[in-house]
Number of protein chains: 2
Amino acid sequence: MFSVNVEIPACEYVRGGQLNDVTEVGSARAAIVEAAAKCFMHAGYSDTSIDDVADDLGATKGRIYHYYRSKAELFFEVHRHGMAINLDAIEPLATGAGDPVERLNAMCKVHLRNMLDHIVYQRVVLQGVEMHLSSSTTPKQREKLKVLMKEREYYESLFRDVLLEGREQGVFAFDNPSFGSKAVLAILNNPVLWYKPRKTQSEKEKTQIIEEFSALAMQSVAAKR
Amino acid sequence: MFSVNVEIPACEYVRGGQLNDVTEVGSARAAIVEAAAKCFMHAGYSDTSIDDVADDLGATKGRIYHYYRSKAELFFEVHRHGMAINLDAIEPLATGAGDPVERLNAMCKVHLRNMLDHIVYQRVVLQGVEMHLSSSTTPKQREKLKVLMKEREYYESLFRDVLLEGREQGVFAFDNPSFGSKAVLAILNNPVLWYKPRKTQSEKEKTQIIEEFSALAMQSVAAKR
DNA sequence: CGGAAAACATACTACTGAGTATGACGTTAT
DNA sequence: ATAACGTCATACTCAGTAGTATGTTTTCCG
């Protein structure tokens, strides 16, 4: 899998195939990442100051810079966590058994579930796509962003592979496989742009969105019969 | 249609139903808007300084602030121009004659064509959706952003209406109409996120993208037969 | 218990970037 | 010609912010 190594000032930090230990509840790093995700979601990366994150934590800058050496690194951490949630859930489904239609259907629903349940992280992940670290960032940080984009690309390839398998069996139809997976993910990611969790009826809303958007996504690559 | 009134320091400024006179070639305002769109696309709103736009123009701040009283207003102008391009092209198709399948097909292709031909403006329009003017902006500016979002909503309704008409005739199938139009537009907007115009084979690439993504979009709401 | 290291908070620095005040230059109307 | 106005450039102000340097408290271990 992807093994990303970052020099971490404090604590040990290892990224295996599964969820990051950084995310364990009670960890100081986890609290920081959580607060950062919240702020990044509400105001975007550029318009979020480290002080904003510190405020959300009820702390000060010092706390954050003790664990993360820059704002960009903190963003990367949030992004990585968001992608880890998705990869850990989708990877087994993609490589598992079963016919392609069933597999893709499961992937769509789980992906949507993740979008709605972890929306703060998912919006940060989407921001990563539009991330412009062109200016005012070190070349080293740009390298890390490339690694994150590779991870994203791999995630998309999981969908692409299932699509290709289904096309060979005649259950899916599309021309360019890359376009097919992009279209499916475009639909699946869409709710992240507008979904706001309600206090009441929240779960009912979620299941409706999951059902309907997964149906739309499946339909977009379905073979006509 | 939407009549937006902004106090403009110099020159007269009227927004009718059609393309803004601001965009006429030779106009000083048009050059500013063009440069701003380019910068906003490459670096995003927050990471684009007025000086950046001025540099692109080969001018200085003074020029820009002579025509636009704030950075936000300049963004609004770019956004408005982008939406005007889309509305002027799609509105006649949506309300025109013909069966829903043909109409939606035409709308999809024209929309995609606009995405690829005016990508600088379209990316700014997409940024508008994720715009967070929550902090450090006047309530008056937030009002204007709402107007822009209304315009976006109206654009989406053009697709929704055609979809509804098609569902009544049994040629389209979906559950929630709003979700249907969102899915279609999600696919149609997707190329904006990754398309980079090539020097060679540019037109061939475009037509391929247009054909395949419109097919995917149509398919996502197609009735199974 | 005591000393070291981790885990912060406080108080800075240095810089960017939005917006303004003002002046210079050209054009047009009278 | 000159007054007025439109069109900019120059030179500022000032608030916000990333990052650092250093002090202070708590925890942990021998």
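Each chain gets a letter, A, B and so on, in the order its sequence line appears, and its residues count up from 1.
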In whole angstrom, give the distance that lies between atom CZ of A:R29 and atom C1' of C:dA6.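 To the nearest whole Å, that distance equals 14 Å.
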
Tell me: CG of B:D55 to P of C:dG17, nearest whole Å?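 Going from B:D55 (CG) to C:dG17 (P), I get 11 Å.
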
Show every salt bridge (Lys or Arg N to Asp or Glu O under 4.0 Å) that has at least one partner inside residues 30-39 of chain A, sequence neighbours left out.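 Output for this query lists A:K38-A:D56.
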
Residues in salt bridge (charged side-chain N to carboxylate O under 4.0 Å, His left out) with [X], at least two apart?
X      : answer
A:E130 : none
B:D52  : none
A:R113 : A:D117, A:E203
A:K146 : none

Treat primed atoms plus P, OP1 and OP2 as sugar-phosphate and everything else as base, then score nucleotides 8-29 of chain D 5' to 3': B for base contact with protein heavy atoms under 4.0 Å, S for sugar-phosphate contact only, - for none. BBB------SBBB---------

